[in-house]
Structure formats: C-alpha cells, structure tokens
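Right, one structure below, let's go through it.
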Amino acid sequence: MELTKNISQTKLIKTILAIILGSIALTISAKIKIPFYPVPMTMQTFVVLFLGVSLGYKIGLASIGLYLFEGILGLPVFSNSPEKGVGLIYFTGPTMGYLIGFLTAGYLASKINSKDSFLMVLVKLAVATSTIYILGLLWLGILIGWDKPIIALGAKPFLHAEIFKVVLLALVTKQIIKIRSFI
C-alpha cells in the first residue's frame, strides 16, 4: 500500500513538473524571434507539436492549456506581449484562432507513435500544424473581414518556416517519443 502511494505521488509530481516545464518552454519559444523572410519566426508551433509528441495528449494539452490560461490572466507569455497588450484583450485579438489551434495541433501530434514511418510522421505533423492555421485564418476572417487577403496576411508569410519546423521535428520524432515513458 505504501509503495503504491509513493509511486502515485511520484507520478503526480512528474506530471505537474512536466506541465509547468512545457508551459515555460512554450513561453520561451514565443519570445525568441528568429529572423526569417518576410516575418520573424518563433518556435511556438514547433514546441506545441513537440509537447504533443513527447508528453502525450493529456500532459501536452495541460501544458498548452496552462500557457493559454497564464496569457489570459495577463502574464506576458504570448509572442508580442506585453508590447501589444496582455490578458484577455490580447488573447481575443488577431492571434486567438492560432492560439486555440495550439490545442488541436498538440492533440493531433500526440497521436504519432513509434511505429509510424517517417512519411506518416511528416503527414501527421503537417495536418496538426494546418489546424493551427485553419483556426487562425477563420478567426482572422471573422475579426478583420472576409474581404481582406486573409491567406496572404495570416498564412503565406509563415509557410516556409512551418515546413522547416515540421521536417525538423519529423527527423527527431522517433527519439522524442521515448520521453513519454519517463512520465
């Protein structure tokens, strides 16, 4: 009985630590901007997919959810905060659809398993990433109007960077997926 209690306490501590570290990694990835044409690239989508692959859907989504909750509460965790605002006002701005898409992408990335071929991993990561952009573009269209060049504003500038991140993650997914067994 005592051994069972210690094991479940250890698992709980590992889980909480993984969730907090995942949120911190997502915050750091939002703040580091890599010069990329035509707009700077952050590694947020890479980290979102990484969290899904490495931690599984429960802990991965909890990490992403904690990150979003921290941002909604007003902590400057989002990419352009505090410069362009904080809290719920920032969250409901032009990036809300993309931020919500982090949840779907993290979930879909968690469905990758060690038996998947490289091509299948690549496809699953591309589909997961596309949900970020689909939700982002839908929200952007609602917010600024469908008469604007939504795809040119909200997706096209990021496509090369996303391809790079998906391929990079696909190359290391088999090693990353092993992290799940430690939690």
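Source: prediction; values computed, not measured.
The shortest side-chain heavy-atom distance between Leu153 and Leu137 does not fall under the 4.5 Å cut-off. Within the 4.5 Å cutoff, the side chain of Leu143 has no heavy atoms near those of the Met96 side chain. Residues Lys124 and Ser110 have side chains not in contact (no heavy-atom distance under 4.5 Å, counting atoms from C-beta outward). Looking at Leu75 and Val86, their side chains never come closer than 4.5 Å, going by heavy atoms from C-beta outward. Contact annotation: the side chain of Tyr98 approaches that of Leu140 to within less than 4.5 Å [non-hydrogen atoms, C-beta and beyond]. In this structure, the side chains of Thr129 and Leu108 stay at 4.5 Å or more apart for every pair of heavy atoms. Between Val77 and Leu26 there is no side-chain heavy-atom pair separated by less than 4.5 Å. Annotation: side chain of Ser79 is not in contact with side chain of Lys84 (no heavy-atom distance under 4.5 Å).
Between Ser54 and Ile176, the closest heavy-atom pair is CB-CG2, 3.4 Å. Gln175 approaches Leu171 most closely through the heavy-atom pair OE1-O, 3.9 Å. Closest non-hydrogen pair, Ile89 versus Thr92, comes out as O-OG1, 3.3 Å. Residues Leu49 and Ala128 share a closest heavy-atom pair of CD2-CB, 3.6 Å. When all heavy atoms are compared, the tightest approach of Val48 to Ala105 is CG1-CB, 4.0 Å.
Cluster annotation: Val172 is not connected to Met120 through the hydrophobic network of ILVMFWY side chains, with a link wherever side-chain heavy atoms come within less than 4.5 Å.
Distance check: Leu168 CG to Phe50 CZ gives 11.0 Å after rounding to the nearest 0.5 Å. Within the model, atoms CG of Leu66 and OG1 of Thr27 stand 8.0 Å from one another, a figure rounded to the nearest 0.5 Å. Between atom CZ of residue Phe158 and atom CD1 of residue Ile163 there is a gap of 14.0 Å, rounded to the nearest 0.5 Å. The distance from the OG atom of Ser114 to the CZ atom of Arg180 is 8.5 Å, given to the nearest 0.5 Å. Within the model, atoms CD of Gln44 and OG1 of Thr42 stand 4.0 Å from one another, a figure rounded to the nearest 0.5 Å.
The 12-atom threshold is not exceeded at NZ of Lys58, counting heavy atoms of other residues, nucleotides or ligands nearer than 6.0 Å. Heavy atoms of other residues, nucleotides or ligands lying less than 6.0 angstrom from CD1 of Ile151 number 12 at most. The number of heavy atoms from other shown groups lying within 6.0 Å of CZ (Phe118) is above 12. Environment of NZ in Lys111: crowded, with over 12 heavy atoms of neighbouring residues, nucleotides or ligands closer than 6.0 Å. Applying the 6.0 Å contact sphere to CG of Leu159 captures more than 12 heavy atoms from other residues, nucleotides or ligands.
A donor-acceptor contact under 3.5 angstrom links the side chains of Tyr133 and Glu162, judged on distance only. For the 3.5 Å distance criterion, the side chains of Lys165 and Thr45 qualify, holding a donor opposite an acceptor. Under the 3.5 Å distance criterion, with hydrogens and angles disregarded, no donor-acceptor pair is assigned to the side chains of Tyr90 and Glu83.
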Any chance you could lay out the side-chain contact (heavy atoms from CB on, under 4.5 Å) test for Ile32 and Met43, step after step, and finish with the verdict?
CA-CA 7 Å; Ile32 298 172; Met43 292 299 283; over 6 Å; no

What do the steps show when you test Leu103 against Leu68 for side-chain contact (heavy atoms from CB on, under 4.5 Å), and what is the final call?
CA-CA 9 Å; Leu103 293 167; Leu68 296 176; 4.0 Å; yes

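No side-chain donor-acceptor contact under 3.5 Å links Tyr67 to the backbone of Ala25. One N or O on the side chain of Ser63 and one on the backbone of Ile19 form a donor-acceptor pair closer than 3.5 Å. Remark: the backbone N or O of Ile150 is not paired with any side-chain donor or acceptor of Lys156 at under 3.5 angstrom. With hydrogens and angles ignored, the 3.5 Å screen pairs no side-chain donor or acceptor of Trp139 with any backbone N or O of Ile100. In this structure, Lys31 contributes its side chain and Phe78 its backbone to a donor-acceptor pair below 3.5 Å.
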